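Single-structure report; data block below.
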Number of protein chains: 2
Amino acid sequence: MQKSTKCSAPGIVDAVTDQPGLRERKKQRTRTAISEAAIALFLEHGFAEVSVAQIAEAAEVSKRTLFAYFTTKEDLVVHRMADHETEPARVVRERPPHTTPPDALRAHFLDGLRRRDPITGLCDHPAIRALTGLIFGNPTLIDRMQRFKVGSEQALAEALCDTTEVPGLVARVAAAQLIAVQWTLSSDNFACVGSGQSADARYPDAVRDAERAFGLVENGLAAAFTPPPA
Amino acid sequence: MQKSTKCSAPGIVDAVTDQPGLRERKKQRTRTAISEAAIALFLEHGFAEVSVAQIAEAAEVSKRTLFAYFTTKEDLVVHRMADHETEPARVVRERPPHTTPPDALRAHFLDGLRRRDPITGLCDHPAIRALTGLIFGNPTLIDRMQRFKVGSEQALAEALCDTTEVPGLVARVAAAQLIAVQWTLSSDNFACVGSGQSADARYPDAVRDAERAFGLVENGLAAAFTPPPA
DNA sequence: TAGGAATGTATACCAGGTGCAGAAATCTAC
DNA sequence: GTAGATTTCTGCACCTGGTATACATTCCTA
């Protein structure tokens with residue numbers, strides 16, 4: 001993966017700037033060019049109304065090249081969320097000692113709310129709002145998001161297996177529970193912000209909901225569904 | 001929606017047999033014909049290797065008609081699971097008095113294991129095994145299944161809202177938890193049966209896993225992730 | 001500055017899915 | 001029965017997402 005194997009000088013100023021070479025830079029540039037052209041067109045005309053041929057033309061790239069960078073049309077939109085796929089697993093792996101995985105994930109989610117992290121749904125920047133509106137307005141895009149959710153679950157389950165003593169079944173179930181609760185909270189925040197509420201206005205309720213929801217997962221549903229009194 | 005508005009005789013033996021009319025019967029027949037032709041071809045050659053044109057030909061129907069009955073190629077396979085989409089919601093709505101939703105769902109799942117209900121993954125009939133193998137071998141089909149999962153969650157959340165006093169957030173989180181645990185258990189059973197284990201051989205472990213997993217949801221993850229002893 | 005590797009392009013192609021106009025079948029009314 | 005309204009089916013052309021092939025371009029290396 002490294003570009004210079006020995007003492008060679010791949011680019012003129014490589015050793016100085018430590019840049020990844022012209023080829024890599026160009027690749028990165030075309031990739032972002034394609035993505036930005038796509039999202040701009042999608043936001044203006046809608047996901048279904050824009051064809052990949054138009055995107056390729058706007059990005060000044062052939063259709064074949066576009067599909068060399070993004071495997072599907074949906075990925076043009078959703079790839080930005082892909083970075084977050086292994087985030088829960090990473091949080092669990094890097095949690096401070098004497099901290100349980102649920103505690104670490106709750107703390108991380110609350111921190112995300114504080115930072116208005118888009119992944120928590122609590123971000124009202126127009127561009128982000130438009131993008132999430134785009135995603136949640138298209139079933140095919142929602143399907144893609146679900147795939148990331150599944151990937152998050154699997155990665156988290158592995159992290160739980162690697163860093164705790166719980167059996168595999170418990171790890172899988174716990175991973176599903178923890179990802180599900182985050183997803184539910186994010187969806188709620190998306191819905192609020194999407195319907196016009198500002199992130200700051202939503203914040204207190206978002207924190208309260210997050211604490212209640214994580215509490216539900218940690219302490220169980222039994223407490224919530226108390227059997228009817230006699 | 002009713003076919004005979006007054007005292008007319010739309011079909012020859014309608015009033016006697018109360019059949020839904022020739023047109024409806026034919027529709028139902030062609031629908032099943034298409035579905036069975038599709039699944040037979042998929043099982044023989046694989047999902048990607050069979051085109052909808054071939055299916056239409058096998059079912060002696062035009063391609064256009066095929067898409068009048070099934071909106072996508074994937075639906076040809078997964079529509080059979082669609083009936084189960086609202087099953088958890090129904091179980092909760094029809095639960096006996098003095099029973100909590102989690103208890104009702106656990107009992108229903110355990111009963112499904114006992115009955116070797118395919119939805120629990122604990123069914124080793126060759127046809128069912130082949131079908132599930134087909135679904136879990138195709139990412140696009142998995143995506144479709146995820147959509148059913150989302151539908152189940154929403155329906156269950158509504159059922160919880162309608163039949164209990166819990167707030168909306170709790171209902172949504174609980175629904176996500178309960179569907180997630182069922183999905184995890186079913187996936188595990190699918191994996192075991194798919195790798196050759198018989199349903200009878202898997203049954204005891206499946207029951208034990210189900211009880212443990214539902215217990216985890218009802219009593220919370222905190223008990224599973226006990227902080228490291230001092 | 002030449003050669004090799006990676007990348008990009010043009011073209012043709014396949015398959016899923018839709019729109020449309022007309023044929024065929026079913027239902028309803030006489 | 002039969003005429004006509006209605007629904008369903010069909011064949012066809014068409015669009016779009018995605019891929020294969022074969023060739024041109026660009027960048028890296030030496």
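Residue numbers start from 1 in every chain, and the chains themselves are labelled A, B, ... in the order their sequence lines are given, proteins ahead of strands. All values derive from a computational prediction rather than experimental measurement. What you see below is based on every heavy atom in this structure, not just the backbone, and it leaves out hydrogens, waters and symmetry mates.
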Please determine, by modelled atom types, if [X] and [Y] share a side-chain donor-acceptor pair under 3.5 angstrom.
X	Y	result
A:S187	B:R172	no
B:S62	B:T65	yes
A:R95	A:T163	yes

Touch class at under 4.0 angstrom, heavy-atom based, for B:F70 against every strand present: nothing

Heavy-atom protein contacts under 4.0 Å, nucleotides 13-19 of chain D, coded B base, S sugar-phosphate only, - none: ----SBB

Residue-phosphate contact under 4.0 Å: B:Y69 side-chain N/O, D:dC9 OP1/OP2: yes

Phosphate OP1/OP2 of C:dT9: any A:S62 side-chain N/O under 4.0 Å: yes

Starting at atom [atom1] of [X], determine the distance to atom [atom2] of [N], rounded to an integer number of angstrom.
X	N	atom1	atom2	result
B:E24	C:dT28	CD	P	11 Å
B:E49	C:dA15	CD	P	11 Å
A:K27	C:dG8	NZ	C1'	12 Å
B:R25	C:dA25	CZ	P	17 Å

Could you list the donor-acceptor pairs under 3.5 angstrom formed between side-chain atoms of residues 118-125 of chain B and any protein atom two or more places apart in sequence or on another chain?
from	atom 1	to	atom 2	distance (Å)
B:T120	OG1	B:D117	O	2.6
B:T120	OG1	B:L122	N	3.3
B:D124	OD2	B:A199	N	2.8

For B:D111, salt bridge (Lys or Arg N to Asp or Glu O under 4.0 Å) partners two or more places apart: B:R114, B:R115

Non-neighbouring partners of B:D143 that pass salt bridge (Lys or Arg N to Asp or Glu O under 4.0 Å), sequence neighbours left out: A:R147

B:I135 side, atom CD1; B:E74 side, atom CD - distance, nearest 0.5 Å: 11.0 Å

Test item: B:S152 and B:W183 side chains (from C-beta on) under 4.5 Å apart, heavy atoms: no

Nucleic acid contacts of residues 30-44 of chain B, taken as heavy-atom distances under 4.0 Å to DNA chain C: none

First of B:R23 and B:L66 reached from the 5' end of DNA chain D, by closest nucleotide: B:R23

Nearest-neighbour nucleotide for the A:K26 side chain, D:dT26, D:dT10, D:dT8 considered: D:dT26

Qualifying residues under ring pair (Phe, Tyr, Trp, His ring centres under 6.0 Å), relative to A:F136, sequence neighbours excluded: A:F190

